[in-house]
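This report concerns only the one structure given below.
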Amino acid sequence: MKRPLLLSTALALLATAALAQDEIKIGEFASLTGGSASFGQSSHKGTALAIEEINAAGGVLGKKLKLIAEDDQSQAGQPATIVRKLISQDKVVAVLGEVASSKSLEAAPICQQNKIPMISPASTNPKVTEVGDYVFRICFIDPFQGTVMAKFAQSKGWKKVAVLTDVKQDYSVGLAEFFVKGFTATGGEIVKDQKYSTGDKDFKAQLTSIKAAKPDAIFVPGYYGEVSLIGKQAKLLGIKVPLLGGDGWVGDSLLKVAGNSLDGSFFSCHFSADDKAEAVQNFVKKYKAKYNGETPDDMAALGYDSAVILAEAIKKAGTTDGEKLRDALAATKAHPGITGSITLDEKRNATKPAVILGIGGGGFQFVQTVAP
Amino acid sequence: MIEFIQQLLNGLGQGSIYALIALGYTMVFGVLRFINFAHGDVFMLGAFAGFYLGPKTLRLFGEGPSYSGAFAALVVAMVLCAVIGIVIEKLCYRPLRDRPKLTVLITAIGVSLFLENAGQLVFGANPQSFPELIVDRALEIPESWGAISGLTITVSQVLVFGVTLLLLFVLRYVVLKTKMGMAMRALSFNPVAASLMGINNDVVISFTFGLGSALAGAAGILTSIQQPSIDPLMGVNAGLKAFVAAVLGGIGNLPGAALGGLLIGVIEALVVGYVSPTYRDAIVFGVLILILIVKPTGLLGVSEREKV
């Protein structure tokens with residue numbers, strides 16, 4: 001009885017080994033469920049679309065790309081486990097992910113250790129790529145986003161701004177730090193510095209003390225889940241000044257929960273589907289066709305760009321060897337991405353433009369593009 | 001000064017929710033001497049009852065948000081949660097009633113985990129936006145009121161506080177003035193003697209679970225009106241805080257649970273507003289430890305003499 005079983009296992013193993021040679025495995029970890037699922041779902045959809053297109057065009061180095069996507073459930077601790085599994089078990093040649101900086105920071109050291117290049121589509125905290133020379137990102141970083149919003153606040157003539165930070169997110173803390181630096185350097189005043197933690201639902205205490213400080217605007221560099229409740233409660237408490245934020249605001253459920261309470265607020269992000277550029281409109285069309293008419297948000301665009309840049313680098317390197325792939329990635333220059341022209345600098349960060357969107361009329365409106 | 005009063009008001013709003021949940025913990029402890037850790041998840045089920053049935057009850061009373069529709073949703077959620085509470089007790093706790101209390105306690109944790117994970121499977125793990133049952137708006141105190149002008153109270157805060165007070169009085173009436181209430185108190189005093197006096201302990205225990213779960217269901221709706229984002233794990237933190245509130249007030253004591261809930265809500269608001277949200281939970285639990293050191297039975301608890 002035992003031998004046929006062994007034989008069939010051996011055969012099955014051989015078969016998978018043969019299959020595996022025809023494809024290049026790429027790992028992806030994303031928050032497909034949980035608190036920041038809106039990000040994970042979007043970036044995953046963008047990534048999957050890119051992989052599908054690349055394969056339809058003949059793949060890379062004569063092989064098809066195979067995306068192995070894993071869900072980290074928006075939970076701390078999960079990314080490390082998942083990325084270890086992707087590298088040691090699935091033998092992926094590169095890892096794509098995550099949107100949230102704190103999760104990318106968990107995975108980055110593991111990729112660095114195993115010499116597997118990792119590309120984060122949207123983690124904007126500077127620390128992410130500081131982990132090592134195998135860690136890349138194709139989005140701008142917090143200093144840029146914080147500075148852009150500080151400049152924007154100044155251009156609006158706001159002199160006094162209150163800050164409400166999510167202390168549990170490196171992303172939020174980073175953005176706040178650079179906003180404060182940029183805003184105070186040019187004569188602005190931070191009238192109140194309040195904090196909250198991811199998962200909080202009641203912000204009336206913080207907002208009450210912010211209201212007492214009478215700011216011209218409130219900088220809330222958090223994620224959409226909490227921001228939507230903050231917007232709603234701010235309005236209820238009679239706070240009429242605009243809220244400002246970063247790309248963490250982008251998420252379907254922001255306006256579903258907040259209703260019209262965030263009207264008149266602004267945030268910086270990577271991409272706007274209203275952008276008339278041809279590449280953007282093409283992407284929007286393809287995305288809508290694949291996902292039942294859903295409009296792509298900036299996480300989807302970044303997910304798409306991250307997969308395309310990786311594929312280009314594999315082509316350029318001519319191999320999936322970690323070291324050569326890393327060198328090819330590091331040499332990315334003026335890549336015509338959906339989210340603008342992407343150049344990776346010597347710190348493996350992307351230099352690229354940001355857009356500022358305003359909220360009103362039940363949607364996001366394109367306000368302006370800010371170049372680096 | 002205005003800011004301080006505002007923080008107090010915010011704290012009372014949140015505290016009312018804790019109080020409603022804490023009452024369920026304390027009632028069950030009163031009759032069965034164990035902590036029903038699944039209670040926080042019944043609160044979550046109440047919120048989801050409102051999520052699915054709220055739009056339907058609103059439609060009974062015309063288009064859009066209305067108070068009568070919201071009230072109907074509240075009643076429906078309370079009834080549903082009462083049934084769920086009774087079923088949980090029947091299926092999970094009753095067969096273990098004669099076993100050591102630790103067995104029941106661990107079962108309760110199991111029920112809690114079951115509800116949380118089944119919730120993620122059935123409702124989805126992502127936070128969902130709660131339907132608008134009432135039009136929430138801010139009532140700002142006008143200039144003419146002098147010292148307290150500028151204070152903002154929201155309709156939902158008034159509603160939550162009002163409904164909580166009302167439910168507290170109803171509960172007080174039920175426990176002190178009805179036959180069932182008397183039976184509950186008798187059972188809590190001495191279960192064996194109570195059954196010798198002709199009280200059907202099973203019925204009374206079912207009733208207690210139903211009553212406590214109904215209050216948790218009400219809390220689920222009220223909290224979702226204030227913070228319209230709900231998820232299957234929302235009961236974990238709220239349940240833990242309410243449990244702390246029940247212990248703080250003296251577990252087994254009804255006014256104590258209400259007082260404990262309000263106190264925790266206010267302490268949280270003040271800590272977040274004046275100290276730092278990072279230390280919020282540390283300070284809340286610190287206060288609990290301090291009170292238990294000074295008064296081991298909780299604020300309003302009465303010490304029970306161990307019979308030999």
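Worth knowing before you read on, the calculation uses all heavy atoms, side chains too, and leaves out hydrogens, waters and symmetry mates. We name chains A, B, ... by the order of the sequence lines, and we start the count at 1 in each one.
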May I ask you to test the [X]-[Y] pair for a side-chain heavy-atom distance under 4.5 Å?
{"X": "B/V287", "Y": "B/L248", "result": "yes"}
{"X": "A/Y196", "Y": "A/I230", "result": "yes"}
{"X": "A/L255", "Y": "A/F364", "result": "yes"}

What part of [X] lies closer than 4.5 angstrom to a heavy atom of chain A: side chain, backbone, both or neither?
{"X": "B/E3", "result": "both"}
{"X": "B/D231", "result": "both"}
{"X": "B/I17", "result": "neither"}
{"X": "B/Q226", "result": "both"}

For this session: Pick whichever of B/V271, B/I153, B/L270, B/T154 has the most heavy-atom pairs under 4.5 Å with chain A.
Result: B/T154
For this session: Name the option with the most non-hydrogen atom pairs under 4.5 Å to chain B; the candidates are A/I210, A/D200, A/T33, A/L207.
Result: A/D200
Exercise. Centroid-to-centroid, A/Y291 to A/Y287, below 6.0 Å?
Worked result: yes
Problem set entry | B/F243 and B/F37 aromatic centres sub-6.0 Å | yes
Region of [X] that comes under 4.5 Å of a non-hydrogen atom in chain B:
{"X": "A/K168", "result": "neither"}
{"X": "A/Q73", "result": "neither"}
{"X": "A/L229", "result": "side chain"}
{"X": "A/V257", "result": "both"}
{"X": "A/K232", "result": "side chain"}

For this session: Compute whether any side-chain donor of one residue and acceptor of the other, for B/Q7 and B/Y274, lie under 3.5 angstrom apart.
Result: no
Problem set entry | Test item: side-chain donor near acceptor, A/Q194 and A/S209, under 3.5 Å | yes
For this session: Return the orientation label for the A/Y223 and A/F39 ring planes: parallel under 30°, perpendicular over 60°, tilted otherwise.
Result: perpendicular
